[in-house]
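The structure displayed is predicted, hence computed values, not measured ones. We count ligands from 1, going down the list as the structure has it; atoms in each ligand are counted the same way.
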Amino acid sequence: MKLILAIVSNDDSSSVSSSLTKANFQVTRLATTGGFLRAGNTTLIVGCEDKLVDKAVEIIGNESKRRTEIVPSTASYDIGRYASFPVEVQVGGATIFILNVEQFVKL
Ligand code: 2BA
């Protein structure tokens, strides 16, 4: 058995976890915070049989693809004026750890 720890953005977490659940995986969602950006992200815990790991990773990848989005940004001109302009940012992606499970007990 394997334990998958997948860190995804908050925006993608619902679609990743519902797609995993639809495919009969059991999922636990943890609200976590990235150490570098100190922004919220979501860590999903999935325990599954070894032969199902590739399927789970495929689902996570499909629902959390790295993509660019245009978001509004503001610049200040030191004279009390602000201008808003669009900037392109990278969002999504997943960081996945796959661990061997020594023992699994449900009481
Ligand atoms: P990613 O590498 O896609 O990582 C996204 C989030 O995944 C990280 O959030 C962190 O919560 C988790 N993560 C990634 N690698 C990990 C690992 N080896 N162990 C444990 N958790 C891990 P943040 O820490 O807020 O980082 C956000 C993004 O900032 C990273 O995106 C990366 O592009 C960049 N970054 C992170 N640390 C950096 C550093 N020391 N120098 C430069 N850029 C960094």
Chemist: Are the side chains of Leu99 and Lys2 in touch, meaning some heavy atoms are under 4.5 Å apart?
Modeler: no

Chemist: What's the separation between atom OG1 in Thr21 and atom CD in Gln26, rounded to the nearest 0.5 Å?
Modeler: 9.0 Å

Chemist: Under 3.5 Å, N or O to N or O, is Ile7 touching ligand 1 that way?
Modeler: no

Chemist: Which of these passes side-chain contact (heavy atoms from CB on, under 4.5 Å) with Glu63: Ser17, Ser19, Ser14?
Modeler: Ser19

Chemist: Could you tell me whether atom 25 (O) of ligand 1 has a protein heavy atom closer than 4.0 Å?
Modeler: yes

Chemist: Enumerate donor-acceptor pairs with a distance under 3.5 Å from any side-chain N or O in residues 33-49 to protein atoms, sequence neighbours excluded.
Modeler:
residue : atom : partner : partner atom : Å
Asn41   : OD1  : Thr32   : OG1          : 2.6
Thr42   : OG1  : Asn10   : OD1          : 2.7
Thr43   : OG1  : Thr32   : OG1          : 2.9

Chemist: Under 4.0 Å and counting heavy atoms only, is there anything from the protein next to atom 31 (O) of ligand 1?
Modeler: no

Chemist: Where do Val91 and Val71 land on the side chain to side chain contact (heavy atoms under 4.5 Å, CB included) test, with the steps shown first?
Modeler: CA-CA 11 Å; Val91 295; Val71 298; over 6 Å; no

Chemist: Do Ile59 and Phe25 have side chains that approach each other closer than 4.5 Å (heavy atoms only, starting at C-beta)?
Modeler: yes

Chemist: What is the nearest protein non-hydrogen atom to atom 29 (O) of ligand 1, stated with its residue, atom name and distance?
Modeler: Phe36 CD2, 3.2 Å

Chemist: With a cut-off of 4.0 Å, which atoms of ligand 1 are near a heavy atom of Leu37?
Modeler: 23 (P), 25 (O), 27 (C)

Chemist: Looking only at protein heavy atoms, which one is nearest to atom 4 (O) of ligand 1, and how far off is it?
Modeler: Thr95 OG1, 3.7 Å

Chemist: Protein heavy atoms near atom 12 (C) of ligand 1, is at least one of them under 4.0 angstrom away?
Modeler: yes

Chemist: If you take the nearest heavy atom of each of Thr43, Asn41, Thr33, which one is closest to atom 8 (C) of ligand 1?
Modeler: Asn41

Chemist: Give me the one residue out of Arg67, Lys65, Arg66 that meets salt bridge (charged side-chain N to carboxylate O under 4.0 Å, His left out) with Asp12.
Modeler: Arg67

Chemist: At a 4.0 Å threshold, what atoms of ligand 1 neighbour a non-hydrogen atom of Arg66?
Modeler: 3 (O)

Chemist: Could you check whether any heavy atom of Gly35 sits closer than 4.0 Å to an atom of ligand 1, since that is the contact criterion I want to use?
Modeler: yes

Chemist: By number and element, which atoms of ligand 1 are closer than 4.0 Å to a non-hydrogen atom of Phe97?
Modeler: 17 (C), 18 (N), 19 (N), 20 (C)

Chemist: With sequence neighbours left out, what residues match Arg29 under salt bridge (Lys or Arg N to Asp or Glu O under 4.0 Å)?
Modeler: none

Chemist: Only heavy atoms of Gly34, strictly under 4.0 Å: list the atoms of ligand 1 that pass.
Modeler: 9 (O), 11 (O), 23 (P), 24 (O), 25 (O)

